[in-house]
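Following: one structure in structure tokens, then a few remarks.
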Amino acid sequence: MKIVVIGGTGLIGSKLVKKLREHGHEAVAASPNTGVNSVTGEGLADALKDASVVVDVTNSPSWEDAAVLKFFETSTRNLLANEAAAGVGHHVALSVVGTERLLKSGFFRAKLAQENLIKASSIPYTIVRATQFFEFVKSIGDFSTVGDKVRLPSALIQPMAADDVASAMVRIVTSSPVNGAVEIGGPEQFGLDELVRLDLAVRQDPREVITDPHAGYYGIEVSERALVPDESARLSEARFEDWLNQSTKQAPKSAPA
Ligand SMILES: NC(=O)c1ccc[n+]([C@@H]2O[C@H](COP(=O)([O-])OP(=O)(O)OC[C@H]3O[C@@H](n4cnc5c(N)ncnc54)[C@H](OP(=O)(O)O)[C@@H]3O)[C@@H](O)[C@H]2O)c1
């Protein structure tokens, strides 16, 4: 089965392409780095020739409100139009758990616009909503830092390893379209403040995390359960602290942002 992974050079995309190939599929990594651009349309028709499935794991180079909306709208429209022309039978896109609860953020408005375009199209689809990746926790801390203090609320988060996101996507990509959304998440819940405190401690980063109910998640106020998946979500196994200990053994210590 030929599976084209748009964004196949990114964090999730590169893991997904590798795993699909290990399962014996013809997986094509498509991105500007490989001559395929879903925003300009460059290389798209050629890449999609004879494809059964297209997976969209792109991300916008800019998260500024107007830019990120333009990216996901233009890219998704181009993908769906090219997929219709090529006779693709399954469009799979990676989105985020809680998107509809996070619409004060331009990024999440853009992800919802992406989801809505997919739902309105004629291509059979599966939207995969994942919780935050373990790899993303450091960015949450960095974004919330002023000087040597990190302010975060104790709202819950249920992160998962990027590797487990890719494994879950292999199953979904090689199954029939559900024409709806499925949720995936990690095995444990943490307070956002607690999670970043753990992350900084293991990285031996001296920044102090202050619990502040009014501090946002990436700039927006979040309710207690806005980031956690429904009970029906499929949960992965890798635990944050095991992953953190393993990955900090391999990487040099980080400096405060
Ligand atoms: N971060 C989280 O915790 C989280 C949680 C749930 C869901 N998600 C979603 O997961 C998705 C993938 O995230 P990621 O962290 O794997 O992204 P990433 O590492 O930033 O990779 C982004 C990919 O998009 C490609 N890309 C950028 N512009 C493109 C264009 N015009 N045409 C085609 N490809 C383009 C990049 O290609 P180049 O390498 O060529 O630039 C790269 O392969 C995102 O949509 C995000 O919303 C993220």
Side-chain angles (χ1 to χ4, degrees), residues 11 59-72 94-116 127 129-162 165 181 183-233 235-236 239-241 243-244 247-248 253-257:
L11 174 64
N59 210 346
S60 173
S62 163
W63 289 8
E64 184 275 319
D65 285 2
V68 69
L69 183 64
K70 192 166 179 214
F71 176 89
F72 279 113
L94 183 57
S95 190
V96 190
V97 161
T99 290
E100 75 286 356
R101 298 187 287 268
L102 302 165
L103 298 178
K104 283 186 190 150
S105 147
F107 182 83
F108 289 101
R109 291 195 294 276
K111 292 301 287 183
L112 191 66
Q114 176 190 20
E115 290 191 4
N116 287 338
I127 293 167
R129 283 179 155 200
T131 56
Q132 286 65 37
F133 314 150
F134 291 165
E135 288 79 352
F136 188 59
V137 172
K138 186 176 177 301
S139 311
I140 298 174
D142 291 349
F143 186 91
S144 306
T145 298
V146 176
D148 60 355
K149 305 264 190 283
V150 185
R151 289 183 183 274
L152 283 164
S154 57
L156 297 172
I157 182 165
Q158 199 170 325
M160 65 189 295
V165 176
E183 290 196 341
I184 55 175
E188 301 170 290
Q189 292 182 354
F190 301 85
L192 270 165
D193 52 348
E194 178 195 8
L195 182 69
V196 171
R197 215 172 268 131
L198 267 172
D199 188 74
L200 296 181
V202 173
R203 294 181 195 280
Q204 298 176 31
D205 184 317
R207 282 177 287 172
E208 181 190 359
V209 178
I210 296 171
T211 304
D212 177 350
H214 300 297
Y217 164 71
Y218 253 88
I220 57 161
E221 274 208 35
V222 284
S223 60
E224 181 75 2
R225 303 191 63 80
L227 300 175
V228 300
D230 288 345
E231 277 177 9
S232 60
L235 304 186
S236 52
R239 304 177 91 81
F240 182 67
E241 283 185 79
W243 172 87
L244 188 58
S247 58
T248 47
K253 274 190 245 168
S254 66

Going by side-chain contact (heavy atoms from CB on, under 4.5 Å), name the residues that satisfy it together with [X], two or more places apart in sequence or in a different chain.
X    : value
D212 : R151, H214, A215
A67  : S62, E64
E208 : K149, I210
A226 : R101, L102, V222, S223

How would you list, by chain and number, every residue that makes a side chain to side chain donor-acceptor pair (under 3.5 Å) with [X], sequence neighbours excluded?
X    : value
T211 : D193, R197
Q132 : Y217
E115 : S95, R129

Worksheet item: Looking at CD of E183 and CG of L235, how far apart are the two atoms once the value is rounded to the nearest 0.5 Å?
Response: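 Rounded to the nearest 0.5 Å, the CD-CG separation comes to 10.0 Å.
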
Practice prompt. Drop me the distance from S105's OG to L112's CG, to the nearest 0.5 angstrom.
Written response: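 Rounded to the nearest 0.5 Å, the OG-CG separation comes to 11.0 Å.
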
Quick one: does [X]'s side chain get under 4.5 Å of [Y]'s, heavy atoms only?
X    : Y    : result
P229 : T131 : yes
T248 : Q204 : no
I157 : I140 : yes
L156 : E224 : yes
L200 : V196 : yes
F72  : F107 : yes

Go through the structure and list residues passing salt bridge (Lys or Arg N to Asp or Glu O under 4.0 Å) with [X], not counting sequence neighbours.
X    : result
K104 : none
D65  : R109
E188 : R239

What closest approach, in Å, do [X] and [Y] show between heavy atoms, and which atom pair accounts for it?
X    : Y    : result
T99  : F108 : CG2-O, 3.5 Å
L152 : S144 : CD2-OG, 3.3 Å
P159 : P187 : O-CD, 4.3 Å
F133 : L11  : CD1-CD2, 3.8 Å
P153 : P213 : CB-O, 4.1 Å
L244 : L198 : CD2-O, 3.7 Å

Would you confirm whether [X], through its side chain, and [Y], through its main-chain N or O, come within 3.5 Å as a donor-acceptor pair?
X    : Y    : answer
S236 : G185 : yes
D230 : S232 : no
E135 : A162 : yes
K111 : E100 : no

Discussion item. Applying the side chain to side chain contact (heavy atoms under 4.5 Å, CB included) criterion to L227, which one of V96, V97, L192 satisfies it?
Written reply: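 With L227 as partner, V96, V97, L192 yield a single side chain to side chain contact (heavy atoms under 4.5 Å, CB included), made by L192.
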
Worksheet entry | Residue list, ring-ring contact (aromatic ring centres under 6.0 Å, His included) with F134, at least two apart or on another chain |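 F134: ring-ring contact (aromatic ring centres under 6.0 Å, His included) contacts with F240, W243.
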
Practice prompt. Only pairs at least two apart or in different chains count here, so list each ring-ring contact (aromatic ring centres under 6.0 Å, His included) that has a residue in residues 135-162.
Written response: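 Counting only pairs at least two positions apart or across chains, the ring-ring contact (aromatic ring centres under 6.0 Å, His included) contacts touching residues 135-162 are F136-Y218, F143-Y218.
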
Discussion item. What I want to find out is whether D142 reaches R207 closely enough, with some N-O distance under 4.0 Å, to be called a salt bridge.
Written reply: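 Salt bridge between D142 and R207, a charged N being under 4.0 Å from a carboxylate O: yes.
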
